[in-house]
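Worksheet: one structure, shown below.
What you see is a predicted model; the values in this text were computed from it and never measured. In what follows, every chain begins at residue 1, and chains take the letters A, B, ... in the order their sequences are listed.
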Amino acid sequence: MNARLWLPMLVLTAGQALSQGFAGLGTDAEGFAVPAPEPQFAFPADHGPHPAYRIEWWYLTATLTGADGRDYGIQWTLFRSALRPEEAEGWDAAQLWMGHAGLTTEDTHFYAERLGRGGVGQAGVTPEPFEAWIDDWAMISTAPTGADALSALAVTARGPDFSYDLDLRATGPLVFHGDGGYSVKSADGQASYYYSQPFYEVSGRLTLPDGAMEVTGSAWLDREWSSQPLSADQNGWDWFSLQFADGARLMGFGLRSATRPTYTSATWIGPDGTATAYPDGALRLTPLRTENVAGRDVPVEWRVELAARGIDVETIPLNPQSWMGTSFPYWEGPIRFTGSHEGRGYLEMTGYE
Amino acid sequence: MTRAACAALLSHWRRHPGQCLTLILGLALATALWSGVQAINAEARASYDRAAAVLGQDQLARLTRADGLPVPLAEYVALRRAGYLVSPVIEAELAGPGARLRLLGIDPLTTPPEAQAPALVGGEIPFEAFVTAPGRLLVAAETAARPLPADLPPLVITSRLAPGTALTDIATAARLSGRSDPSYLLVAPVQPSGLPPLAEATVLTLSTPQSGTDIGRLTDSFHLNLTAFGLLAFAVGLFIVHAAIGLAFEQRRTSFRTLRALGLPLRRLVTLLAVELTVFALIAGLIGIVLGYIIAAALLPGVAGTLRGLYGAEISGQLAFRPVWAVTGMGIALIGTAAASVQALLRVARLPLLAPAQPRAWAMASGQAMRGQMTIAIGLFAAAFLLGAFGTSLIAGFACLAALLVGAALALPSLLTALLRLATRFATTPFREWLLADTRQQLPGLSMALMALLLALAANIGVSTMVGSFRGTFTGWLDQRLASELYVTARTPSEATAIRATLLPRTDAVLPIVSAPVTLAGQPAELYGIADHATYRDNWPLLSAAPDVWAQVAAGEAALINEQLSRRERLSIGDPVTLQPGWALPIAGVYSDYGNPVGQAIIGLDLFTDRFPDIPQLRMAIRVPADRVPAVADALRAEFDLPTANLIDQEEIKRFSLRIFEQTFLVTGALNILTLGVASLALLTSLLTLAGMRLPQLAPIWALGQTRAALARAELARTTLLAFLTFALAIPVGLALAWVLLAVVNVEAFGWRLPMQIFPVDWLRLGLYALLAALLAAAWPAWRLAHIAPSTLLKVFAHER
Amino acid sequence: MLSVTDIHKSFETEDGPLPVLRGVSLTMAPGDTLALTGESGSGKSTLLHLIGGLDTADKGRIEVDGVDLSALDDAGRARLRRDMVGLIFQQFNLIPSLTVAQNLSFQARLAGRHDAAWVDELAKRLGLSEHLARYPEQLSGGQQQRVAIGRTLATRPRVVLADEPTGNLDETTGDTVLGLLLELAAETGTAILMVTHSTRLAHRLAHQVHLTKGRLGSAGLGRAAE
């Protein structure tokens with residue numbers, strides 16, 4: 001019961017070890033609710049937790065530029081993992097929480113992790129007023145009354161050698177992936193509820209060992225929950241968010257399978273927030289170069305093609321060693337892309353053993 | 001050439017299997033006693049470390065409430081939300097009928113890596129099962145085998161926990177104990193950047209991790225005792241080895257010379273002999289380790305009982321094989337062999353090639369050597385005296401012991417010679433005269449064995465005097481210190497108030513006992529507040545006191561300190577003692593406080609309450625006529641449903657303490673007998689060795705008209721006499737040893753001094769043991785002499801010799 | 001005084017019993033001196049040991065002053081050695097832990113017939129008066145053998161059994177020591193049975209017998225029992 005083995009479950013599975021890979025997600029959803037097509041979201045309640053589902057996250061990434069002109073990236077994530085489909089009081093751990101914070105510079109990738117159980121108040125999410133927190137890490141709504149709670153946020157996190165404190169203001173609407181927020185994850189029909197706020201403008205301050213750095217940039221928040229989002233043979237994914245010069249955005253992911261071709265999905269987001277979902281196969285992801293990261297080969301440069309939108313770009317990471325050496329390790333960091341289009345984005349890669 | 005030389009050297013052992021056996025046996029026994037004791041110590045230490053390492057107590061600081069109450073859950077959450085990495089632990093004692101279990105509930109999600117929670121929990125339990133009701137209890141196999149409280153969650157066996165403790169999830173611990181507030185918070189050593197220091201962020205008390213475990217420090221005295229015994233036994237065993245090696249080399253002198261004359265280089269010869277001895281050491285070491293394991297396994301349950309009772313230290317009663325002591329055992333066997341053989345090897349190296357090959361009696365050291373030994377002995381005695389009188393460190397204490405013992409051993413031959421010479425004056429028959437004269441001449445050959453016997457006897461007397469003094473003083477002290485008939489601990493302040501109200505009309509007095517952790521002279525210490533009452537005035541064991549000590553204390557004008565603090569800081573009556581920063585009181589008295597490793601001070605209750613208003617008065621001592629104790633105790637139990645541990649009567653504590661001492665005696669006694677056994681074995685081997693060499697001296701006496709039986713009886717008498725004289729000399733040495741242990745070593749090691757008491761009846765018994773051991777050792781050689789073939793004696797007269 | 005009749009003695013060896021004495025007989029009168037000669041292994045010392053009660057014969061009869069040795073137990077033989085027989089060995093066999101004076105009087109005191117004047121006299125005659133406080137190892141070989149002689153004669157034994165008493169001494173010293181022994185024996189009427197391999201020394205005694213392969217040869221030298 002090494003903590004390192006406990007955590008995959010916290011992230012995305014219900015009790016199964018990493019040895020089963022992300023395939024652990026394919027377990028039966030007994031007792032837990034299962035996402036259904038044609039969801040009806042109700043806000044602000046749906047910004048809050050859904051304890052009836054096994055897993056859920058509040059996942060923020062930001063591409064930033066410092067006063068020194070250099071690129072930076074931050075990540076702020078709160079994962080929820082349910083042992084039982086209920087809330088419980090006190091030490092009884094029905095809901096477990098895990099926070100990940102990352103800060104990427106050209107030459108260093110800082111990260112930290114926090115764990116906690118709900119019930120005693122150490123970690124949790126409240127929809128109204130919106131606050132997601134674990135310890136002193138927090139994502140707090142600063143939106144005016146009447147506006148969407150996520151339209152303005154204050155985000156903080158702190159590691160042993162870094163911290164950040166950011167103000168976020170959305171310039172566009174929430175975006176729903178897949179079929180109105182019902183996002184299919186495999187040909188077998190596993191799915192999650194998935195929406196984003198991709199239009200944040202960010203300003204704030206990073207604190208690094210060398211001192212403070214004022215930053216500005218843009219951020220992307222993902223909200224996703226499910227009980228069984230992956231198929232048994234799927235062992236990891238590669239997720240991209242790209243920002244184009246005209247204000248458009250692209251979200252795309254590929255779920256790698258041991259036995260089948262990679263299952264891809266993409267959402268094209270127009271500058272006004274209009275979302276177009278692309279089914280499996282429309283998006284093509286091709287690794288171009290791998291690098292040894294934390295003792296394993298990880299594809300750090302990619303070719304991303306979405307022919308339907310004339311997109312054919314190659315991505316390079318700000319820092320190829322953007323490794324989250326947390327209990328459940330993965331790669332997460334800012335990227336730049338060139339080719340048919342140019343811009344910045346974020347890349348997440350999981351399941352590289 | 002080497003092979004031929006080997007064969008020639010080894011043929012000796014084939015022809016003298018007894019010598020071979022003696023060598024192996026001596027070395028094996030020495031190693032056995034040493035490694036046995038080491039095994040026990042290693043097992044105990046492993047248990048302490050296990051207990052200490054649980055949750056990284058040896059590395060992690062903790063936050064506790066100053067009053068010892070649990071940390072409010074809200075305080076924990078507030079600290080987390082302020083960013084501090086602290087982790088809650090619920091520690092609770094579960095008690096059932098005849099069963100007790102210490103529960104340690106952790107939050108595996110927040111425990112710092114240093115707490116090693118995952119390693120403790122191991123890979124056996126799915127996380128979900130651990131944190132989900134009913135949860136799991138991790139326990140040592142030994143704990144699982146004991147009677148346990150009822151209705152526990154499923155047990156999972158682990159080797160990583162000390163007995164008596166169960167590790168579980170904090171939710172499980174909360175459910176079982178009915179408490180949700182953490183007992184304390186573990187503090188991660190590295191806190192996130194940019195936060196104010198933790199000490200400024202909370203009212204909780206931050207205690208830094210203890211280097212060296214409390215329990216380890218407490219039990220040091222006990223292990224010191226064991227180690228000393230092991231070392232002594234080993235030294236005694238080395239005497240045997242030294243004798244056997246010396247004899248084997250002496251008897252092979254001719255072979256050595258012949259081999260060298262035939263062209264074997266000296267270096268090769270010495271190397272061969274060294275290799276031969278190394279092989280012996282390895283074989284004997286192996287046997288010794290096995291024997292040591294057996295000894296340790298036999299003694300360990302007793303030791304475990306003692307430690308549990310005496311210090312509350314839980315150590316496993318089952319011995320695990322630990323490579324550490326096996327390797328050190330082997331090492332000590334090799335070192336011992338080297339030490340015992342270096343003299344013999346040097347002699348071979350210096351052996352002149354052409355000197356006459358006449359066997360020189362190796363044992364017949366000259367009187368000059370004896371005088372040299374005596375001179376060294378006198379020097380050592382002088383050193384021991386100086387170290388004892390002026391030494392101020394533990395090292396000095398041990399050096400004093402060593403000088404004393406080695407000096408006594410070296411002086412023994414000279415002293416025995418003098419005594420025998422004296423005895424000769426009173427010899428009435430020529431045969432006795434001869435016997436005494438011959439005994440005197442035989443002394444050098446027996447002196448090694450007799451030195452071993454002296455050491456064993458002196459250690460026996462010394463240690464049993466120390467233990468006996470401790471026991472005697474301790475019981476007397478208990479009577480004074482535990483003057484009250486009943487001791488009650490309430491669970492909450494309101495219960496304490498209720499108990500007090502109930503008791504006041506039914507008893508003579510209810511005396512609150514309050515204490516606070518303080519820092520005295522830079523070290524953690526305890527401060528007690530006591531009521532002004534005759535119980536203290538009449539009974540408290542004061543070693544020194546100002547005239548109106550109790551009035552001063554009651555008025556809050558002075559403090560009492562314990563002996564430990566007084567000795568460590570050289571504080572005496574009238575000196576100020578700083579109880580808190582900026583608050584000092586003059587010392588009005590010093591009291592004895594045996595068994596307590598830390599400093600302690602006592603002030604008046606009123607002053608205490610002024611200074612520490614938050615500390616609840618939960619504990620109280622109750623004065624009540626002895627015949628009404630059971631009634632009062634029953635009433636309290638019935639009315640307040642107090643757990644057993646919260647209501648203890650004085651008799652129970654005393655009985656318990658005494659039982660512990662008996663247990664300590666048991667182990668010490670067993671080791672005493674073993675050491676004595678080894679010493680008598682040394683005597684036996686020396687006598688056997690001498691028996692062969694002494695025929696030329698015995699044959700003429702026989703030829704002059706003594707029967708072999710008379711000679712055999714004389715041998716018995718001689719050995720008994722020597723044992724008796726050695727015993728007589730061991731008494732002063734043993735008493736000196738006890739004095740050093742009590743007045744020097746104890747004071748340096750633990751901070752208190754015990755008055756020495758002597759136990760002549762014990763000596764009598766020991767003297768009988770010594771004579772018995774000597775008789776047993778002499779019996780076989782004597783029997784052989786009584787039945788020796790005349791032709792063997794006649795060979796002495798043969799021309800061809 | 002001493003009568004030895006048809007003594008047989010064998011020693012057990014790995015190749016079976018080895019006969020050493022095969023029917024030896026001899027007699028001695030008080031004051032007699034008899035030299036027993038023979039080759040190495042002829043059984044001289046064995047015969048001496050049998051007479052001294054240090055060992056027992058397989059067959060035959062030994063009487064010392066009318067006492068039949070075969071009738072004695074261990075203690076009886078010890079008493080015989082103490083009271084009637086004096087033993088002198090080639091190796092002197094003094095008691096190293098005792099002084100010269102103590103060695104001289106040791107056997108007499110054991111036998112309970114210590115005569116201080118006689119011991120003084122012996123010491124004087126043997127030239128040991130200067131050395132009484134010394135220990136044997138501090139004396140020369142000749143002096144040590146004189147102590148052995150004194151120790152033996154101090155008890156006034158009926159017979160002195162001497163086994164190569166001068167074997168460890170040079171010729172001159174040996175002659176002197178033997179002369180002293182014979183002289184004192186003659187004065188006290190003590191019989192002497194001396195084993196030697198030297199014909200020269202044998203002839204200083206009154207009679208001689210020769211032992212060959214366990215039997216007394218005629219040799220015409222002595223008084224082999226007829």
Practice task
Could you look at B:Ala174 and say if it's the side chain, the backbone, both or neither that has a heavy atom under 4.5 Å from chain A?
Solution key: side chain

Exercise for the section: Can you tell which part of B:Asp107 gets under 4.5 Å to a heavy atom of chain A, answering side chain, backbone, both or neither? Expected result: both

Problem - Ring center gap for A:Tyr111 and A:His100 short of 6.0 angstrom - result: no

Practice task
Specify whether A:His50 and A:Trp225 have parallel, tilted or perpendicular ring planes, treating 30° as the upper limit for parallel and 60° as the lower limit for perpendicular.
Solution key: parallel

Problem - Test: B:Arg136 cationic atom under 6.0 Å from B:Phe130 six-membered ring centre, within 45° of axis - result: no

Completion exercise
The interface call for A:Asp92 against chain B, heavy-atom contacts under 4.5 Å, is both

Practice task
Answer yes if the side chains of A:Gln75 and A:Tyr164 hold a donor-acceptor pair under 3.5 Å, and no otherwise.
Solution key: no

Handout entry: Side-chain donor/acceptor of A:Trp58 to backbone N/O of A:Ala132, under 3.5 Å
Key = no

Exercise for the section: Check the pair A:Arg205, A:Asp165 against salt bridge (Lys or Arg N to Asp or Glu O under 4.0 Å), reporting the backbone distance first and the verdict last. Expected result: CA-CA 5 Å; A:Arg205 168 194 292 239; A:Asp165 197 340; over 6 Å; no

Handout entry: Which of B:Thr110, B:Ile170, B:Val190 touches chain A most, by non-hydrogen pairs under 4.5 Å
Key = B:Ile170

Handout entry: Residue A:Glu106 excluded, over 12 heavy atoms near CD under 6.0 Å
Key = yes

Practice task
Heavy atoms only, distances under 4.5 angstrom: which of A:Ile134, A:Asp161, A:Asp136 has the most pairs with chain B? Name it, please.
Solution key: A:Asp136

Problem - Qualifying salt bridge (charged side-chain N to carboxylate O under 4.0 Å, His left out) pairs, either residue in residues 177-205 of chain B, two or more places apart - result: none

Handout entry: Part of residues 71-79 of chain B lying next to chain A, heavy-atom separation under 4.5 Å
Key = B:Leu73, B:Tyr76, B:Val77

